[in-house]
Amino acid sequence: MARFLGVFLACLMVGMHGAEAKPAQQPFVPSGTATDMPTGLAELCRAQPATCDRLAATPAPTVSTAVSTTGPDAPDADKTRLRLLKRIDGMVNARVRQQSDMLSYGVGELWRPSGSGRNAVGDCEDLAIEKRLELIDAGFPPERLFFAVVYQSGIGLHTVLVARLDGGDMVLDSRSSFVEPWQDTRYQWLIAEHPGMPTRWTTAS
């Protein structure tokens, strides 16, 4: 995250004027100007291209028990998706022991799936990746999932997973036990992935 200092400072200056006025009626994370993808995610895609392909569902994973919620006309689609989001979010948060990349890998920044089995460890990015992969495997539409980098005083830079429902964007956060609308979070939103496209990012403004 340290390598985002330039983007962070620029977004922070904008955020000082607009973060408090984040419109409650805006259900989706805004998309601004194009920006670089996080360096940790870029490194993951170079080191583990198959994982990066799974995040983008290229090719689409084989799922034995997919949740059939494709398109806004599916009955109660948002309710079905939200139940799945809450289940996966709660499971990963409960099973993964959160610790820094320095403790886990001996480096300052490394994006890797945390896993969710015994002795699973990871930081915010690792849990976000794990949740995304498990949601895709459970049948959640991959084109509705994306990462975002946010900021909060006292926490610093932080990565979350966002799921796009028909009614708005919902946040899966390693620091929270709740899945909540993005506009209800206390974060300043800096940059976000284009849904389902890990290599395409924009400012969140």
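Numbers here simply count residues along the sequence, with the first being 1.
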For F146 and G196, work out which heavy atoms get closest and say how close. CB-N, 4.4 Å
Please check if the side chain of D78 supplies one atom and the backbone of D166 the other of a donor-acceptor pair under 3.5 Å. yes
First locate atom CG of L157, then atom OH of Y151, and finally report the distance between them rounded to the nearest 0.5 Å. 8.0 Å
Taking side chain as C-beta onward, heavy atoms only, is Q48 less than 4.5 Å from R112? yes
Can you tell me how far CE of M170 sits from CG of L172, rounded to the nearest 0.5 angstrom? 8.5 Å
Is the backbone of V162 close enough, under 3.5 Å, to the side chain of D169 for a donor and an acceptor to pair up by distance? no
Cationic N near anionic O, under 4.0 Å, D137 to R54: yes
Can you tell me if W182 and E180 form a side-chain donor-acceptor pair at under 3.5 Å? no
V179 side chain reached by L82 side chain, heavy atoms, under 4.5 Å: yes
Considering all heavy atoms of both residues, which atom of D101 and which atom of E125 are nearest to each other, and what is their separation? OD2-OE1, 4.4 Å
Distance-minimising heavy-atom pair for V121 and S114: O-CB, 3.5 Å
Check whether the ring centres of Y187 and H158 lie less than 6.0 Å apart, and answer yes or no. yes
Could you tell me the separation between the CG atom of D123 and the CG atom of L110, rounded to the nearest 0.5 Å? 8.5 Å
Check: S176 main-chain N/O paired with N93 side-chain donor or acceptor under 3.5 Å: yes
Can a salt bridge be assigned to the pair K86 and D89 using a cut-off of 4.0 Å between side-chain N and carboxylate O? no
Would you mind checking if R95 and E130 are paired as a salt bridge, meaning a charged N to carboxylate O distance below 4.0 Å? no
Judged by modelled atom types alone, do T202 and S31 share a side-chain donor-acceptor pair under 3.5 Å? yes
Which pair of heavy atoms, one from A148 and one from W189, lies closest together, and at what distance? CB-CZ3, 3.5 Å
V96 and G122: which non-hydrogen atoms are nearest, and at how many Å? CG1-N, 3.7 Å
With the side chain counted from C-beta on, respond yes when D173 and F178 share a heavy-atom pair under 4.5 Å apart, and no when they do not. no
Keeping D184 on the side-chain end and P181 on the backbone end, is there a donor-acceptor pair under 3.5 Å? no
For the CG atom of L161 and the CD atom of E193, what is their distance to the nearest 0.5 Å? 9.0 Å
Can V150 and V171 be said to form a side chain to side chain contact (heavy atoms under 4.5 Å, CB included), step by step? CA-CA 11 Å; V150 298; V171 179; over 6 Å; no
Cluster link M197 to I191, ILVMFWY, side chain under 4.5 Å: no
With the side chain counted from C-beta on, respond yes when E109 and M102 share a heavy-atom pair under 4.5 Å apart, and no when they do not. no
State yes or no: do M37 and W111 share one hydrophobic cluster built from I, L, V, M, F, W and Y residues joined by side-chain heavy-atom distances below 4.5 Å, directly or via other members? yes
Does Q98 reach the main-chain N or O of C124 with its side chain, forming a donor-acceptor pair under 3.5 Å? no
Straight-line distance of T159 OG1 to R175 CZ, nearest 0.5 Å: 12.5 Å
Can you check whether P198 reaches F147 side chain to side chain, under 4.5 Å on heavy atoms? no
If you define the side chain from C-beta out and look only at heavy atoms, does anything of E134 sit under 4.5 Å from F140? no
In the structure I gave you, are the side-chain heavy atoms of Q99 and S104 within less than 4.5 Å of one another anywhere? yes
Sub-3.5 Å donor-acceptor pair from the side chain of R132 to the main-chain atoms of L55, do we have one? yes
Side chain to side chain contact (heavy atoms under 4.5 Å, CB included) for L135 and L85? Distances and angles first, verdict last. CA-CA 7 Å; L135 282 167; L85 293 176; 3.7 Å; yes
Rounded to the nearest 0.5 Å, what separates atom CG in L44 from atom CD1 in I129? 5.0 Å
Under a 3.5 Å distance rule, please check whether R144 uses its side chain to pair with a backbone N or O of R164 as donor and acceptor. yes
If you group Ile, Leu, Val, Met, Phe, Trp and Tyr by side-chain heavy-atom gaps below 4.5 Å, do W201 and F28 land in one group? no
